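Scroll down for the structure; my scribbles are underneath it.
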Amino acid sequence: MNTIKFNNKKFITTGNESGLSTNETVFHYFQKGNLITGKYSGGAIVDGQIVGKLLENNKLELLFQCLTYTSELKSGQSWGILSKTENGKIELSFDWNWLNGDKSGGKSYYKEFVTK
């Protein structure tokens, strides 16, 4: 059962092993039932898109792609878990890997933030 909803929520990176996103990268997620879409930009990333699905027990499976400021096209896949902090904010943690280039991977962590 999924209890965490994250339609129209924004996140920033709090940790990213071997990846491109930093605390300057903003991820904006949308949710319709189990369908997840999103967009992201900032830091080394000009523009990125996300598509995926929400699985049982607040787990996610995503595909992502982006264009960097050095004109690289990158794509990858990730498996994540949604959780909530004591103050009610959403956190995401992912295991991921690139689908092109060196096909390396890592772990990444994100926290919800509210724009003013």
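The basis for the numbers below is simple: all heavy atoms, side chains too, and nothing from hydrogens, waters or symmetry mates. These numbers were taken from a predicted model, which means no experiment stands behind them.
Put simply, the side chain of L20 reaches to within 4.5 Å of the side chain of W98, judged on heavy atoms. Looking at L92 and L60, their side chains come closer than 4.5 Å, going by heavy atoms from C-beta outward. In this structure, W96 and L62 have side chains that are not in contact, with every pair of non-hydrogen atoms separated by 4.5 Å or more.
Under a 4.5 Å side-chain heavy-atom cut-off, the cluster of Ile, Leu, Val, Met, Phe, Trp and Tyr residues that includes L35 is completed by V51, L63, L99.
The only option from F113, Y40, Y109, Y29 that meets the ring-ring contact (aromatic ring centres under 6.0 Å, His included) definition with F11 turns out to be Y29.
In this structure, the separation between OG1 on T37 and NE2 on H28 is 9.0 Å, given to the nearest 0.5 Å. Considering CG of N23 and OH of Y110, their distance stands at 12.0 Å, rounded to 0.5 Å.
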message: For F30 and K39: C-alpha separation, side-chain torsions, deciding distance, then whether side-chain contact (heavy atoms from CB on, under 4.5 Å) applies.
response: CA-CA 9 Å; F30 303 94; K39 55 187 178 177; 4.3 Å; yes

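Side-chain N or O atoms of T68 include none that pairs as donor or acceptor with a backbone N or O of A44 at under 3.5 Å. Judged by distance alone, with hydrogens and angles left aside, the side-chain atoms of E24 form no donor-acceptor pair with the main-chain N or O of G42 at under 3.5 Å. With T13 contributing its side chain and T22 its backbone, the two residues share a donor-acceptor pair below 3.5 Å.
Legend: residues meeting salt bridge (charged side-chain N to carboxylate O under 4.0 Å, His left out) with K84, ordered by chain and number and at least two apart, are absent.
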